[in-house]
Protein chains: 2
Amino acid sequence: MKIDRAVVKSLPLFDRMSDEELDRLLSYATSRRVPQGEAVFEQGQPAISFFLLLHGRLKVTQVTEDGQQIIVRVVHPGDLFGFAKALQRTDYPGTAIAAAESVTLCWPTDLWPNFVEHNPRLAVSAMQTIGQRLEEAHTRIREMSTQEVERRVAHAVLRLARKAGRKEAGGIRIDFPISRQDIAEMTGTTLHTVSRILSAWESRGFVEGGRQKLLVTDLEGLAELAHGARD
Amino acid sequence: MKIDRAVVKSLPLFDRMSDEELDRLLSYATSRRVPQGEAVFEQGQPAISFFLLLHGRLKVTQVTEDGQQIIVRVVHPGDLFGFAKALQRTDYPGTAIAAAESVTLCWPTDLWPNFVEHNPRLAVSAMQTIGQRLEEAHTRIREMSTQEVERRVAHAVLRLARKAGRKEAGGIRIDFPISRQDIAEMTGTTLHTVSRILSAWESRGFVEGGRQKLLVTDLEGLAELAHGARD
DNA sequence: CGATTACTTGAATAGTTTCAAATCCGGTGG
DNA sequence: CCACCGGATTTGAAACTATTCAAGTAATCG
């Protein structure tokens, strides 16, 4: 598949890179279209590549020993993902599934040290990314430790609106198919509880639901709820 | 305070480093004794230093907006900590408190890039450390999402036994003062629930409690419980 | 000792999950 | 184009886990 250089160039990660260097980087990359529902890589597979999401949306999931699934994070366009090797792992700790039709760039893991050497900025970016992820993880732990389900769901929906929201008449549309089950797996609860919460919100005018659809109609209200101002 | 070179040299992080390089590193370091209950740094302070724990034990805590506290992690001897700057942060995201009398090495954050340049191994180690931490965080999220409190507490105690356990007649002693409240803050529950659980375990012969004391008397049994084999 | 902090434990309560069943929606194939 | 099927969603009721509230009991430190 042909790589769209303009798209890559527009990403913050690469915007200060010289054209030559960018070309060199891209010359090693392959592009891949991932249909909805298909996995880019699966938990436990050897980490032979690392990736950059160009279009679409991925869910990174983990399955526990006893078969329960959680969503570790959502990958948005422009995010690096699957760089297990940079963290000294040999296999992928989770499964990355396309929530919507997606396009990824893909490099062999072996090239990581090479890239980092030629592009210190990339190393810094990677560090930053990991640091952010660690913080996000801690935030989530904090929320799960101290907040009740409704506020956790509110925070999750707000994050989605911020990272995957598209303005639309009447509110902010979460721009990829997301089910109640997904939200449950992101917040550590059950789809039943999520459904009840969204129903309650709908009657309060905060959101509008739908099959794998979510429209935030009152961001302010939700934010207040998430921060404990309302109940 | 005088730095004990032998102690530093015995750490995996430095064991392949040349004596000259180690001396150079240590020449920039200052050593500091931290009495029990005192903080090495506090949440929100500018990150002017990074640290290595030589002796003792630290709890890293975060306080939520509404004043609730959680324990993000426990720092064990040999661990690097407080390298916020490496993650592109300018302040410390948490507070590090000495759970027992501790000794730390301390470097100015500015030297981090310099060190990393001269010691690629240190950079790799740091990456590895962060990667491990991210995994630990995800493990914790997974546990909090899918497991009930008793199993979470079992896992937490097992981790403590592994990382801070000292063999002793009759079992494995958690080698620093730890309260029910601490365990509650590590597992996202209340001290009451932890107390009840430990009491139940004590009558089943898994542990022996005490004021800020914990002795694991049946590691096997606890492990089974943690993995869902018993109830 | 006296005060303080840590711990234990019972009872009531609240928040969530589990179980069960009905309903809705979207696409597929006739 | 429409009936039908399967996955997604909703919702009620029961069960349960863990928290909150409320005392009361130890252990430690000055």
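FYI, side chains are in, hydrogens and waters are out, and symmetry mates aren't considered; it's all heavy atoms of this structure. Letters go in sequence order (proteins before strands), and every chain restarts at 1.
The ring-ring contact (aromatic ring centres under 6.0 Å, His included) with F50(A) is formed by just one residue from the set W107(A), F41(A), Y92(A), F81(A); it is W107(A).
Counting to the nearest Å, the P atom of dT10(D) and the CZ atom of R196(A) are 11 Å from each other. When the P atom of dT19(D) is taken as reference, atom CD of E185(B) falls 13 Å away, rounded to whole Å. Rounded to an integer number of Å, the gap from CZ of R151(B) to P of dT17(D) is 14 Å. Per the geometry, CG belonging to L191(A) stands 12 Å off C1' belonging to dT11(D), to the nearest Å. When the C1' atom of dT10(D) is taken as reference, atom CD1 of I183(A) falls 14 Å away, rounded to whole Å. The distance from atom CD1 of I197(A) to atom C1' of dT9(D) is 15 Å, rounded to the nearest whole Å.
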Base-contact (B) and sugar-phosphate-only (S) positions in nucleotides 25-30 of chain D, heavy-atom cut-off under 4.0 Å, - elsewhere: -BBS--
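With salt bridges taken as basic N to acidic carboxylate O contacts below 4.0 Å, none links K59(B) and E185(B). Salt-bridge check for E143(A) with R159(A): passed, with a basic side-chain N closer than 4.0 Å to an acidic carboxylate O.
When heavy atoms are screened at a 4.0 angstrom cut-off, S195(B) is found touching base atoms of the nucleic acid. Using a 4.0 Å heavy-atom cutoff across all strands shown, G209(A) reaches no nucleic acid atom at all. Residue T193(A) is in base contact, counting any heavy-atom pair closer than 4.0 Å across all strands shown.
Heavy atoms only, all atoms of each residue included: E168(A) and L215(A) are closest at OE2-CD1, 3.7 Å.
In 5' to 3' order, the nucleotides of DNA chain C bounding all contacts with chain A (an atom under 4.0 Å from a heavy atom) are dT16(C) to dG26(C).
Between the R57(B) side chain and the A99(B) main chain, no donor and acceptor come within less than 3.5 Å of each other. With hydrogens and angles ignored, the 3.5 Å screen pairs no side-chain donor or acceptor of R173(B) with any backbone N or O of D175(B). Checked by atom type and distance alone, the side chain of T95(B) pairs as donor or acceptor with a backbone atom of Q43(B) at under 3.5 Å.
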Output, in order, the C-alpha distance, side-chain angles, deciding distance and verdict of side chain to side chain contact (heavy atoms under 4.5 Å, CB included) for W201(A) and V157(A). CA-CA 12 Å; W201(A) 287 355; V157(A) 170; 4.2 Å; yes
Audit row: E65(B), R151(A), salt bridge (Lys or Arg N to Asp or Glu O under 4.0 Å) steps and yes/no: CA-CA 14 Å; E65(B) 302 160 25; R151(A) 283 178 65 182; 5.6 Å; no
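No more than 12 heavy-atom neighbours from other residues, nucleotides or ligands sit within 6.0 angstrom of CD1 on I48(A).
Out of dA18(D), dT10(D), dA22(D), the shortest distance to the side chain of H192(B) is found at dA22(D).
End-to-end axis angle for the helix from dC1(C)-dG30(D) to dG30(C)-dC1(D), using five pairs per end and rounding to 10°, comes out at 40°.
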